[in-house]
Number of protein chains: 2
Amino acid sequence: MTISVPLTRMKAGERRELILRAATGVFGTSGYVGATTADVARAAGVSQPYVVRMFGTKEQLFLEVINRALELLLAGFQSALDDTSSDVALEKRMGLAYVNQLKEHGVLLSLMHAFVLGREPVIGRAARAGFMKVYRFLREDAGFDAAQVQNFLASGMLINTMIGLDMAEDYDGDPDVRELMECAFPEKVEMVRELARKRTEG
Amino acid sequence: MTISVPLTRMKAGERRELILRAATGVFGTSGYVGATTADVARAAGVSQPYVVRMFGTKEQLFLEVINRALELLLAGFQSALDDTSSDVALEKRMGLAYVNQLKEHGVLLSLMHAFVLGREPVIGRAARAGFMKVYRFLREDAGFDAAQVQNFLASGMLINTMIGLDMAEDYDGDPDVRELMECAFPEKVEMVRELARKRTEG
DNA sequence: GTCTATAGGATGATAGAC
DNA sequence: GTCTATCATCCTATAGAC
């Protein structure tokens with residue numbers, strides 16, 4: 001009698017997280033429509049039907065991806081809020097928390113893709129609700145005033161855009177791009193460029 | 001002998017502009033991947049194969065759409081730059097020129113969709129080049145300093161995001177949304193809401 | 001829990017008539 | 001210049017075995 005359990009078996013919860021991470025990267029790169037469930041499956045090392053089986057539909061998978069991204073983002077903000085040890089201003093700590101989300105590719109970009117699909121009935125509603133959740137966290141929990149929130153979110157959207165553009169591809173080292181990025185996220189430019197380099201090589 | 005020319009005939013140049021306008025709206029709503037050539041054809045009142053015939057591929061059509069959008073945007077900026085009659089500050093005039101592009105649906109959103117597709121080989125390159133064109137116009141022609149450009153572009157990306165989210169759909173009249181939008185484009189909130197209303201009704 | 005096979009639907013693009 | 005018909009591809013989702 002041989003062991004019939006495949007070596008690749010694991011608990012559903014673990015696979016779920018694995019697939020969600022993979023999906024985050026894929027949706028971040030290709031967007032909701034452009035990403036295929038087969039892309040996600042390949043990235044996660046499972047079969048395409050399994051992805052669908054586990055999440056029901058591609059749409060539901062995407063919703064879980066952006067909900068997870070929101071949780072990560074708000075958790076990062078909450079940590080920045082709680083960390084009163086450093087003497088760095090709150091606004092700056094929050095900015096760093098935002099940029100730190102770039103460590104996992106697709107977290108911010110998946111959200112960005114959702115944010116420009118407001119006319120999709122289901123995704124649009126979720127995207128608006130998610131955006132407002134962030135807004136209210138900044139306004140209420142973090143205590144930002146209206147101008148601060150606007151500034152903060154605007155910078156965030158510019159960062160998203162430049163990451164989405166994949167600026168490092170054609171303009172790595174371009175002084176104009178460098179100037180723009182330093183303005184948008186000083187102290188973090190090196191980290192961003194390094195991430196881009198790592199991807200190009202890997 | 002009867003007239004065999006269909007009533008719908010027109011010169012290619014006119015149809016071209018007609019289709020480009022329609023495509024701008026469709027791509028703005030659904031994004032590059034989500035928009036279909038059939039959607040564009042329907043919006044333009046022509047057949048789907050005709051759209052493909054005229055532009056070669058969907059990709060080339062999209063490239064023409066974003067190039068046209070860039071031309072409109074830069075032309076608007078140039079006008080704001082030339083108009084020295086008013087005593088409004090240049091930065092503000094440029095901001096109004098930006099928001100005025102909302103009058104044609106899809107101009108800003110098509111660009112935004114392109115901006116988050118940096119990893120698409122062809123579209124990504126065009127998107128980066130277009131973004132840098134705007135950047136250099138602001139920096140050199142308009143004479144903005146680094147911080148001004150960063151601020152201006154950040155506000156622009158936030159505006160794009162809120163338009164893309166279609167905020168008016170669920171949050172029309174919400175005081176939080178109103179506050180955020182007034183911050184982002186004062187004097188223009190009414191115009192934007194009116195456009196949203198017109199769409200909902202029409 | 002995970003896979004293979006495949007159905008079913010949409011979509012980009014071509015062929016060819018008028 | 002514009003349309004109808006149609007092909008080939010791709011992709012989501014289902015069925016069912018192990």
Side-chain angles (χ1 to χ4, degrees), chain A residues 1-23 25-27 29-65 113 117 119-123, chain B residues 1-23 25-27 29-65 110 113 117 120-123:
Chain A
M1 195 185 190
T2 58
I3 298 167
S4 64
V5 177
L7 287 173
T8 52
R9 267 193 191 223
M10 56 170 77
K11 273 181 275 174
E14 296 174 42
R15 273 269 190 262
R16 204 180 178 77
E17 177 65 13
L18 192 75
I19 296 176
L20 276 177
R21 275 186 74 96
V26 173
F27 281 123
T29 299
S30 308
Y32 169 58
V33 193
T36 70
T37 54
D39 291 338
V40 173
R42 203 169 313 122
V46 299
S47 70
Q48 179 269 329
Y50 187 54
V51 172
V52 176
R53 173 72 69 98
M54 179 164 269
F55 293 90
T57 64
K58 173 173 152 177
E59 188 177 67
Q60 283 177 42
L61 171 58
F62 187 62
L63 290 176
E64 293 213 31
V65 163
H113 279 286
L117 288 183
R119 306 281 252 266
E120 291 265 336
V122 181
I123 291 163
Chain B
M1 193 187 190
T2 57
I3 298 168
S4 64
V5 177
L7 288 172
T8 51
R9 266 196 191 220
M10 55 170 78
K11 274 182 273 174
E14 296 173 42
R15 272 269 189 262
R16 204 180 178 78
E17 177 65 12
L18 191 76
I19 295 176
L20 277 177
R21 275 185 74 95
V26 173
F27 281 124
T29 300
S30 309
Y32 169 57
V33 192
T36 72
T37 54
D39 291 338
V40 172
R42 201 169 314 122
V46 299
S47 70
Q48 179 268 331
Y50 187 53
V51 172
V52 176
R53 173 72 68 103
M54 178 164 269
F55 293 91
T57 64
K58 172 173 152 175
E59 188 177 67
Q60 284 178 41
L61 171 58
F62 187 63
L63 290 176
E64 293 213 31
V65 163
S110 290
H113 279 286
L117 288 182
E120 290 265 335
V122 181
I123 291 163

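Numbered from 1 within each chain, the chains take letters A, B, ... in sequence-line order.
In this structure, the CE atom of Met54(B) is 10 Å from the P atom of dC3(D), given to the nearest Å. For the pair Phe62(A) CZ and dA13(D) C1', the computed distance is 19 Å after rounding to whole Å. In this entry the distance linking CZ of Phe55(A) with C1' of dG1(C) reads 14 Å, nearest Å.
Each ring pair (Phe, Tyr, Trp, His ring centres under 6.0 Å) pair with one or both residues in residues 31-61 of chain A, not counting sequence neighbours, appears once here: Tyr32(A)-Phe62(A).
Shown for residues 32-50 of chain B: residues whose heavy atoms fall under 4.0 angstrom of DNA chain C, namely Ala35(B), Thr36(B), Thr37(B), Gln48(B), Pro49(B). Proximity of residues 11-22 of chain A to DNA chain D (heavy atom under 4.0 angstrom from any strand atom) is not detected for any residue.
The shortest distance between side-chain heavy atoms of Arg42(B) and Val51(B) does not fall below 4.5 Å. Put simply, the side chain of Val46(B) does not reach to within 4.5 Å of the side chain of Val40(B), judged on heavy atoms.
Expressed to the nearest 0.5 Å, how far CZ of Arg16(A) lies from NZ of Lys11(A) amounts to 15.0 Å. Note that CD of Glu64(B) is 10.5 Å distant from CD of Glu17(B), once rounded to the nearest 0.5 Å. Atom OG1 in Thr37(B) sits 11.0 Å away from atom CD1 in Ile19(B) (nearest 0.5 Å).
Here dC3(D) is the nucleotide among dT2(C), dA13(D), dC3(D) with the atom lying nearest to any side-chain atom of Arg53(B).
The two residues Val33(A) and Gly34(B) make their nearest non-hydrogen contact at CG1-CA, 3.7 Å. Annotation for His113(B) and Thr29(B): closest pair NE2-O, 4.4 Å, computed over non-hydrogen atoms.
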